[in-house]
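Nothing here was measured: the structure is a model prediction, and the numbers come from that model. Residue numbers run from 1 in the order of the sequence given.
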Amino acid sequence: MIVGCGGLAVGVLLLLGGGTYLLQRAYDGQVKRIAGALPTQRGRPVSGRGENWLLIGSDRRADQPSMGARADTIMLVHLSGRGDRVSVIAIPRDGWIPVPGHGTTKINAAFAYGGPPLLIRAVEQYTGVRVNHYASLDFGGFVKMTDALGGVDVTVTQRTHDPMHDRTWRAGHQHLNGVEALDFVRQRWNLPGGDLDRIKRQQAFLHALAAKAMDTRNPIRIDRFIRATTRSVTVDDSVSSGTLRGLAGRLTGISLMEYLTTPVAKPDTRDGQSVVVLDDGRARQLFTAVREDRIGDYVTRNGAANAVESVR
């Protein structure tokens, strides 16, 4: 089972330096596309300023369908209309929200019930934000991408033990290979904030993977990274090679990458299961800022950005 990793690597591919490498090279034919990923029902939110990608990581393998898989990492990524800012907004996988046709349930259940179209409908209904494109990554690709770059570096603030994977993280600098990185972003046991601390780990790893991809000058590593990524990524079928090339061009002007979590009211129990109750009022403010392309104003008012240089 893959837990909490795919959206991280996809974000690096599509939204950062690794994506620039990819989109300027001849690897587009290796990218898998899924037909009908975007919902077709009427009543979807209108497009606001900028562009929004829904990035997920799930326990689906490359040879398995989406139905029944879990969306264990869900991130809404907003590219500003001016092209100078990227905002990565995590939506807790246990967020308790209405899912069309299934009542109120965990948001990751939407993916299990109806694949990408239902998940996107649920996200759009809750946020009021139009999803322009969808991308996901499978488990094998996550490990291979990390190893292709020679591992990545993160900083842990306190020693902690993960009983589920029998791994202990010491305080300080950590150099992670692919398998270690997967365990790092999976952990929620023995973290004070549980899944919310795991989200911060995921975003710290995304930041580290992006930095390594952008810094790599070794052509062999670059090639391995691109091949590992393109063989594992899946995007919606409206993403053409032209879309990707245009995105790569826009990314050259980015000066700020920020990481947020959808505001949370409290953890709770509903129908006998642990859930995360979202703070609907504050979430409404955040996603209004996304629609209006004013996330900077929201962060200034709320101090809501997550630190990624070091994590619990």
Full working for side-chain contact (heavy atoms from CB on, under 4.5 Å) between Val88 and Leu206: CA-CA 10 Å; Val88 181; Leu206 169 59; 4.2 Å; yes

Apply side-chain hydrogen bond (donor to acceptor under 3.5 Å, both in side chains) to the pair Asn132 and Glu51, showing each step before the final yes or no. CA-CA 6 Å; Asn132 303 110; Glu51 184 172 279; over 6 Å; no

Which Ile, Leu, Val, Met, Phe, Trp or Tyr residues join Ile220 in one cluster when any pair of side-chain heavy atoms under 4.5 Å counts as a link? none

Check whether more than 12 heavy atoms from other residues, nucleotides or ligands sit under 6.0 Å from atom NZ of Lys212, and answer yes or no. yes

Could I get the full list of side chain to side chain contact (heavy atoms under 4.5 Å, CB included) partners for Ala148, not counting sequence neighbours? Arg224, Phe225

Answer yes or no: is there a donor N or O on one side and an acceptor on the other, between the side chain of Ser80 and the main chain of Gly83, under 3.5 Å? yes

Does either side chain, that of Trp189 or that of Gln187, offer a donor lying less than 3.5 Å from an acceptor on the other one? no

To the nearest 0.5 Å, atom OG of Ser310 lies from atom NZ of Lys200 at 10.5 Å

Out of curiosity, does Leu278 fall in the hydrophobic cluster containing Val275 (side-chain heavy atoms, cut-off under 4.5 Å, transitive links)? no

Verify, without hydrogens or angle tests, whether His165 (side chain) and Glu180 (backbone) share a donor-acceptor contact under 3.5 angstrom. no

Could you tell me which non-hydrogen atom of Val311 sits nearest to which non-hydrogen atom of Ala307, and how far apart they are? CG1-O, 4.1 Å

In short, Gln174 meets Arg170 closest at the heavy-atom pair NE2-O, 2.5 Å

For Arg284, all residues meeting salt bridge (charged side-chain N to carboxylate O under 4.0 Å, His left out), sequence neighbours excluded: none

Evaluate side-chain contact (heavy atoms from CB on, under 4.5 Å) for Val129 paired with Leu76, printing each intermediate quantity in order. CA-CA 9 Å; Val129 172; Leu76 184 66; 4.1 Å; yes

Considering only heavy atoms from C-beta outward, does the side chain of Val123 approach that of Ile107 to under 4.5 Å? yes

Nearest 0.5 Å please: distance from the OG1 atom of Thr73 over to the CD atom of Gln203. 10.0 Å

Salt-bridge contact Arg167-Asp183 (side-chain N to carboxylate O under 4.0 Å): yes

Between Leu260 and Ala305, the two heavy atoms sitting closest are CG-CA, 4.3 Å

Does a side-chain heavy-atom distance below 4.5 Å link Val154 with Leu176? yes

Distance in Å, Thr288 OG1 paired with Gln285 CD, rounded so as to fall on 0.5 Å steps: 8.0 Å

Which residue pairs satisfy the ring pair (Phe, Tyr, Trp, His ring centres under 6.0 Å) criterion with at least one member in residues 85-110, sequence neighbours excluded? His102-Tyr113

State yes or no: do Val156 and Val179 share one hydrophobic cluster built from I, L, V, M, F, W and Y residues joined by side-chain heavy-atom distances below 4.5 Å, directly or via other members? yes

Other than Leu191, which residues form its hydrophobic cluster under the rule that side-chain heavy atoms must be closer than 4.5 Å? none

Show your reasoning for whether side-chain contact (heavy atoms from CB on, under 4.5 Å) applies to Val308 and Phe205. CA-CA 8 Å; Val308 293; Phe205 177 79; over 6 Å; no

Under the salt bridge (charged side-chain N to carboxylate O under 4.0 Å, His left out) rule, what pairs show up with a residue in residues 104-113, not counting sequence neighbours? Asp94-Lys106

Does anything in residues 232-242 pair up under salt bridge (charged side-chain N to carboxylate O under 4.0 Å, His left out), and if so which pairs, sequence neighbours excluded? none

Check for me, please, whether Ile97 and Val277 land in the same ILVMFWY cluster - side-chain distances under 4.5 Å, paths through other members count. no

When rounded to the nearest 0.5 angstrom, what is the spacing between CD in Gln202 and OG1 in Thr261? 9.0 Å

Can you check whether Val99 reaches Thr104 side chain to side chain, under 4.5 Å on heavy atoms? no

Taking every non-hydrogen atom, the tightest pair across Pro98 and Ala122: O-CB, 4.2 Å

Check the pair Arg85 / Glu258 against salt bridge (Lys or Arg N to Asp or Glu O under 4.0 Å), numbers first and verdict last. CA-CA 8 Å; Arg85 189 180 196 121; Glu258 62 194 346; 2.6 Å; yes

Residue list, side chain to side chain donor-acceptor pair (under 3.5 Å) with Arg282, at least two apart or on another chain: Asp279

Indicate yes or no: at least one non-hydrogen side-chain atom of Pro45 is less than 4.5 angstrom from one of Arg291. no

Between Leu38 and Ser238, is there a side-chain heavy-atom distance shorter than 4.5 Å? yes

Any chance you could measure Ile120, atom CD1, to His133, atom NE2, to the nearest 0.5 Å? 10.5 Å

In short, salt bridge (charged side-chain N to carboxylate O under 4.0 Å, His left out) pairs touching residues 295-312 with sequence neighbours left out are Arg294-Asp297

Below 4.5 Å, heavy atoms only, C-beta onward: do Tyr134 and Leu55 meet side chain to side chain? no

Out of Thr127, Ile74, Ile89, which one pairs with Thr262 under the side-chain contact (heavy atoms from CB on, under 4.5 Å) rule? Ile89

Are Pro92 and Ile199 packed together at the side-chain level, in the sense that at least one heavy-atom pair is separated by less than 4.5 angstrom? yes

Salt-bridge present (Asp195, Arg198; N to O < 4.0 Å): yes

Spacing of CG belonging to Leu119 relative to CZ belonging to Phe111, to within rounding of 0.5 Å: 7.0 Å

Does any pair with a residue in residues 116-135 pass salt bridge (charged side-chain N to carboxylate O under 4.0 Å, His left out), and if so which ones, sequence neighbours excluded? Arg44-Glu124

List the steps, then state whether side-chain hydrogen bond (donor to acceptor under 3.5 Å, both in side chains) holds for His78 with Asp293. CA-CA 8 Å; His78 177 73; Asp293 205 16; 2.7 Å; yes

Hey, does Trp53 have a side-chain heavy atom less than 4.5 Å from the side chain of Leu79? yes

Sorted by chain and residue number, the side chain to side chain contact (heavy atoms under 4.5 Å, CB included) partners of His161 (sequence neighbours excluded) come out as Pro163, Asp166, Thr168, Asn190

Is there any ring pair (Phe, Tyr, Trp, His ring centres under 6.0 Å) pair reaching into residues 287-312, and which pairs are they, with sequence neighbours excluded? none

Please step through side-chain contact (heavy atoms from CB on, under 4.5 Å) for the pair Val290 and Asn52, ending with a clear verdict. CA-CA 9 Å; Val290 173; Asn52 303 300; 3.8 Å; yes

